[in-house]
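FYI, the numbering just counts along the sequence from 1.
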Amino acid sequence: MSRSPKTSVWIANLLVALALTLVINFSYLLLLIVDRRSDPQHDRTLRQPYPREGVLVVTPDGHGYLRYAEPPIDSVYVPAARIRRLGLQDGDRLVADLVGPRHAGAHHRLGEIRRRNGADFDYGALFNRPSESIETIYQLLYYFVFAFILLAFLTAGRPHTARRFVVRCIWCLAAAVALYMVAPTIDWHTGRIAMNFCNGGHRFDFVLVLKCSFTLVAAILYGWIYRLGTQRQAMAVENERLKNENLITRYHMLVGQVNPHFFFNSLNSLAMLVREKQDEKALTYIDQLSYTFRYILQNGQSTLVTLDEEIRFAEAYAYLFKIRYADKLFFDIHIEERYRQWLLPSLSLQPLIGNAVKHNAITRSHPLHVSIRTEEGTLVVSNPVVPKLSPEPGTGIGLENLRKRWELITGHSIEVSRTEERFTVRLPLQKPSGR
């Protein structure tokens, strides 16, 4: 089941938004894993009780140090993840177990907290705070929505001009500023998750601005690539439409060129039969003439017809010429049955038969034989070259139209060969689908 173009665009936007979300938060996820692995709770072998009380100092980047007034230990490192999870604040007085350094020169790390600000530390109260998983989900969900909204701005509607694209980029910038204000942020002192403007959004958050800017630039770049792709696709569709219109126009030109001249000649032949009181031939002539014009009108805009249909038209069309030229024009038609359902562009034989009659002398002493036969999947039309004493000027429109029509419809070229004795055109037939 094929999807509509609009559905495909939405699916592509969702996938790109997901990819941007994972890229933007890769360092956050990696840091989360590293913090968990470095959590002292997982390394009880190095833990040691330390009864003295220290003062917590939280740095602007969210990490902290527990300062002691007396040696031998002057400071203890506290990871930012633990500060958030335990709800610690700058200035807290803590009594906690310490975890010894893993290598020389490193700081001790905070272990299990015993007392906080003179009271026993209640780990049960931490269950009311958001977990790291919840924080991660907030971050991923926010940047996914952020990226998807920007992509929706840039890929909505039909392909737009460069000026409209710039206008959409400006709207995306405005949306990015608004989304920046409602970004979920964490207060390093309280561990509370809230929207940026509620957590002091008036202050410049470099990391948040960097992430939002990266998302905006990536979305605009994707929007520009999408615009170029849709424009190219639209140009391809337009070119195909123009080709079809050109093909229809050529059909009409060909029909308009042949019909008046052929129609009056046919009427003259019919009048001759009526004057000679050849009633049976006159009736047959009228039937063949009506069939010929009905076929031209019905198939003037058709693309492909079976060889059987085209041959029946050629027989009717040739009959009209044979009446005009009496016993001086003959058509030798030999079609293998296996090729009768093969396909070719309609009205392919009309210009070939017309040119054979128009450009060759047709007399009783030198009758003209036009051959129409099949050879290895090819329809071959040939006739001897018998120049007229007063040759009629040819425009070449009919044969050139036929050549271009075959290239447009079938993708193959016809083969035209001319010698001093014979003129031959080879038309490659198209095998019907399913055979």
Side-chain angles (χ1 to χ4, degrees), residues 247-358 360 362 367-374 379-383 397-399 401-402 405-406 409 425 427 429-430 432:
L247 180 61
I248 293 173
T249 301
R250 289 179 180 274
Y251 270 120
H252 288 310
M253 288 177 60
L254 182 61
V255 172
Q257 177 190 7
V258 174
N259 280 350
H261 179 73
F262 178 73
F263 181 70
F264 288 117
N265 286 336
S266 299
L267 290 180
N268 288 334
S269 298
L270 179 60
M272 179 192 68
L273 294 175
V274 173
R275 283 195 300 268
E276 295 177 356
K277 299 186 181 303
Q278 300 184 39
D279 296 341
E280 290 296 329
K281 282 189 176 182
L283 291 174
T284 303
Y285 190 92
I286 291 173
D287 289 340
Q288 299 297 334
L289 181 63
S290 63
Y291 177 81
T292 298
F293 276 95
R294 184 167 60 250
Y295 184 87
I296 292 174
L297 293 175
Q298 290 177 350
N299 295 279
Q301 297 183 14
S302 298
T303 303
L304 293 172
V305 295
T306 63
L307 178 58
D308 186 64
E309 293 177 284
E310 187 72 5
I311 290 299
R312 282 193 282 117
F313 162 75
E315 291 172 343
Y317 190 60
Y319 179 83
L320 304 179
F321 283 109
K322 287 193 291 185
I323 293 297
R324 187 191 310 174
Y325 290 97
D327 296 328
K328 297 172 288 186
L329 178 62
F330 301 92
F331 290 88
D332 304 323
I333 301 177
H334 301 285
I335 303 298
E336 298 177 67
E337 287 298 324
R338 57 176 176 162
Y339 293 123
R340 285 193 173 271
Q341 297 305 314
W342 286 40
L343 305 176
L344 75 166
S346 62
L347 298 174
S348 294
L349 294 177
Q350 181 184 14
L352 299 180
I353 294 174
N355 284 344
V357 174
K358 179 179 179 181
N360 291 281
I362 304 176
L368 181 68
H369 287 261
V370 179
S371 171
I372 303 176
R373 65 187 187 278
T374 52
L379 182 64
V380 182
V381 182
S382 64
N383 59 268
I397 293 178
L399 190 58
N401 278 351
L402 181 63
R405 284 169 51 207
W406 273 79
I409 295 174
V425 178
L427 308 172
L429 299 174
Q430 185 171 334

Around Lys281, counting heavy atoms of other residues, nucleotides and ligands shown, do more than 12 lie under 6.0 Å from its NZ?
no
Non-neighbouring partners of [X] that pass side chain to side chain donor-acceptor pair (under 3.5 Å), sequence neighbours left out:
| X | answer |
| --- | --- |
| Tyr319 | none |
| Gln278 | Glu276 |
| Glu280 | none |
| Gln288 | none |

For Val305 versus Tyr295, what's the shortest heavy-atom pair and its separation?
CG2-OH, 3.6 Å
Which heavy-atom pair separates Leu329 from Lys322 by the least distance, and what is that distance?
O-CG, 3.6 Å
Residues pairing under salt bridge (charged side-chain N to carboxylate O under 4.0 Å, His left out) where one sits in residues 344-353, two or more places apart or in two chains, turn out to be none
Please check this pair: side chain of Thr306 against backbone of Leu343, looking for a donor-acceptor N/O pair closer than 3.5 Å.
no
Give a yes or no on whether the backbone of Ser348 and the side-chain of Glu310 come within a donor-acceptor separation of less than 3.5 Å.
yes
With sequence neighbours left out, the residues meeting ring pair (Phe, Tyr, Trp, His ring centres under 6.0 Å) with Tyr325 are none
Give, for atom [atom1] of [X] and atom [atom2] of [Y], the distance between the pair rounded to the nearest 0.5 Å.
| X | Y | atom1 | atom2 | result |
| --- | --- | --- | --- | --- |
| Leu352 | Leu347 | CG | CG | 11.5 Å |
| Leu368 | Asn360 | CG | CG | 5.5 Å |
| Ile333 | Arg312 | CD1 | CZ | 12.5 Å |

Under the side chain to side chain contact (heavy atoms under 4.5 Å, CB included) criterion, do Ile311 and Ile372 qualify, and how do the steps go?
CA-CA 9 Å; Ile311 290 299; Ile372 303 176; 4.1 Å; yes
Where do Thr374 and Val380 land on the side chain to side chain contact (heavy atoms under 4.5 Å, CB included) test, with the steps shown first?
CA-CA 6 Å; Thr374 52; Val380 182; over 6 Å; no
Could you label the plane-to-plane angle of the Phe313 and Tyr317 rings as parallel, tilted or perpendicular, counting under 30° as parallel and over 60° as perpendicular?
parallel
